[in-house]
Number of protein chains: 2
Amino acid sequence: MTPKLTDKKAAALKAALELISEHGFHGAPMSQIAQRANIGVGTIYRYFNSKEELINALYIDTKTRITQCILRKYSDNAPVRESFRQLFSEIVHYYIEHPAELSFAEQYENSPLITAATRKEGSRLAEPIMRLFQRAIAPNLLKDMPFEILGAIIYGAIIALIKLYLSGAVKFNEENLEAGLNAIWDMIKR
Amino acid sequence: MTPKLTDKKAAALKAALELISEHGFHGAPMSQIAQRANIGVGTIYRYFNSKEELINALYIDTKTRITQCILRKYSDNAPVRESFRQLFSEIVHYYIEHPAELSFAEQYENSPLITAATRKEGSRLAEPIMRLFQRAIAPNLLKDMPFEILGAIIYGAIIALIKLYLSGAVKFNEENLEAGLNAIWDMIKR
DNA sequence: TCAAACGGAATGAATATTCATTCCGGGAGA
DNA sequence: TCTCCCGGAATGAATATTCATTCCGTTTGA
């Protein structure tokens, strides 16, 4: 049996994700991260040079996993409208099933801790989605605006919808979740 | 002549806002807040029992100012569509002129530090906006969805638009700012 | 047997909070 | 009018705590 040498690395990342999502950056000291991961504090420093680096790696790691999962079924050949529908749905379901990742990502993206380079790296991961926008331009399906604007307002709206759902403030059923996503489509469709 | 007793309180709040928006909660120790406010560290504790309380007060204070300013010209008598247009525009311009407040509010709202009570207090301030939604329901102007959902996705989209603008990643002119807001209206209009 | 991985106590810097002291303005008394 | 108190506001050095990081002895596994 090959003992995964990165076992502890992954455990540290997982523990950091949980603690930060639950208690914020404040409430996630290295000592607690180590404790929750069942490893020694020193071990974390075998894999990350600093806490800052750990958090940054956690962000890249999280974003990578999310985009891979979301684009799992994506194909450049499917009809554009159908691709959008699927994309929306995947995002919603991913975050509903992984609320800690949403919480962490939102905290980090909104904090001044994130560097321009990391932000760029994050949007590079979303490149396939940019291709989807490209595919939509020819048949004139979308409003005549820069992709960045369309992308930003869509993503903002979807995330807001998910946060509302997760907050439990409103009772959701399949219907009004679907209705919400349709409304968001109306925002960008020509 | 009443000597402003709250001079220093306001100075502390202002300094905290600036530091947090620039460097995050981490990068805003009480010592620096005091220094930037040109007051003693101990003085802050005359007005707030703890840093946590200071930050909470800053949030309420900020949100109050924002909503008051945004609703400045609002009237229940104006046509609904016009009220929405104005509301959108006011929000956009307020935050563009006060980016530090946006940065702080987004950091705090996305962090687990915020309490349920504070969140509630924040949405209580937005009550007049709920009235606007109420006014829109009778003439069937909006999609048939719970207000909370409509409100959330609109606000999410607007904030995303503003953040994009402030990031400088996309060149904005009056046209595509206006186009963005129209797109957001399409999201909720029936 | 040895090198790499690990653990967690030790370290020192940073931080929030406290508190003894200073400062200041506005009466009281002469 | 001038001097002397007085109370509360303000201060920032001192304190106690927390935290990231380091160090070194132990364990692991090849």
Side-chain angles (χ1 to χ4, degrees), chain A residues 1-61 104 107-108 111-115 118, chain B residues 1-61 104 107-108 111-115 118:
Chain A
M1 176 63 98
T2 47
K4 282 188 194 171
L5 289 183
T6 53
D7 241 0
K8 313 229 164 184
K9 185 177 179 179
L13 287 170
K14 182 162 174 284
L17 173 71
E18 291 172 8
L19 279 170
I20 294 174
S21 72
E22 285 167 26
H23 304 116
F25 293 108
H26 290 308
M30 295 299 260
S31 56
Q32 279 192 52
I33 292 174
Q35 196 174 354
R36 184 174 295 216
N38 281 315
I39 60 179
V41 193
T43 306
I44 299 178
Y45 285 87
R46 294 208 65 72
Y47 299 105
F48 309 99
N49 291 322
S50 67
K51 188 179 182 183
E52 191 184 328
E53 218 174 78
L54 162 68
I55 292 174
N56 204 67
L58 175 58
Y59 180 73
I60 301 291
D61 181 70
F104 166 70
Q107 281 185 70
Y108 195 53
S111 97
L113 300 179
I114 193 170
T115 64
T118 301
Chain B
M1 175 62 99
T2 47
K4 282 189 196 173
L5 290 181
T6 54
D7 241 2
K8 312 231 163 180
K9 185 176 179 180
L13 287 170
K14 181 161 174 287
L17 173 70
E18 292 171 8
L19 279 171
I20 295 173
S21 71
E22 285 167 26
H23 304 115
F25 294 108
H26 291 308
M30 296 298 260
S31 55
Q32 279 192 51
I33 293 174
Q35 196 174 354
R36 184 174 294 216
N38 281 315
I39 61 179
V41 195
T43 307
I44 298 177
Y45 285 88
R46 295 205 65 72
Y47 298 105
F48 309 99
N49 291 320
S50 66
K51 187 178 182 184
E52 191 184 327
E53 219 173 79
L54 163 68
I55 292 174
N56 204 65
L58 176 57
Y59 180 74
I60 301 291
D61 181 70
F104 166 69
Q107 281 184 70
Y108 195 54
S111 97
L113 300 179
I114 193 171
T115 65
T118 301

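Letters A, B, ... are given to chains in the order of the sequence lines, protein chains preceding strands, and every chain is numbered from 1.
Residues B:F25 and B:K51 form no side-chain contact, since every pair of their non-hydrogen atoms from C-beta on lies 4.5 Å or further apart. Using a 4.5 Å heavy-atom cutoff, the side chains of B:F104 and B:I55 are in contact. Looking at A:F48 and A:L13, their side chains come closer than 4.5 Å, going by heavy atoms from C-beta outward.
Mapping A:G40 and B:P29 onto DNA chain C via the closest heavy atom, the residue that lands nearer the 5' end is A:G40. Across the interface with DNA chain D, nearest-nucleotide mapping of A:G27 and A:G42 shows A:G27 to be the residue nearer the 5′ end. Between A:I39 and B:K51, it is A:I39 whose nearest contact on DNA chain C lies nearer the 5' terminus.
Taking atom CZ of B:R46 as the reference point, atom C1' of C:dA20 lies 14 Å away to the nearest angstrom. Atom CD1 of A:I33 and atom C1' of C:dG7 are 16 Å apart (whole Å). For the pair B:L54 CG and C:dT17 P, the interatomic distance rounds to 10 Å; values are reported in whole Å. Protein atom CE of A:M30 is 16 Å distant from nucleotide atom C1' of C:dA13, rounded to whole Å. If you measure from atom CD of B:Q32 to atom P of C:dA14, you get 11 Å, rounded to the nearest angstrom. Regarding B:L113, its CG atom lies at a distance of 13 Å from the P atom of C:dA16, rounded to whole Å. For the pair A:R36 CZ and C:dG8 C1', the computed distance is 19 Å after rounding to whole Å. The distance from atom NE2 of B:H23 to atom C1' of C:dA14 is 17 Å, rounded to the nearest whole Å.
Ring orientation note: the planes of A:Y108 and A:Y59 are tilted relative to one another, at an angle of 30° to 60°.
Here A:T43 does not reach the OP1 or OP2 of C:dA5: none of its side-chain N or O atoms lies under 4.0 Å away. Side-chain N/O atoms of B:Y47 include one lying less than 4.0 angstrom from OP1 or OP2 on D:dA10.
Judged by distance alone, the side chain of B:Q107 and the main-chain N or O of B:I20 form a donor-acceptor pair under 3.5 Å.
Candidate nucleotides C:dC6, D:dT21, C:dT17 were compared by shortest atom distance to the side chain of B:Y45, and C:dT17 ranks first.
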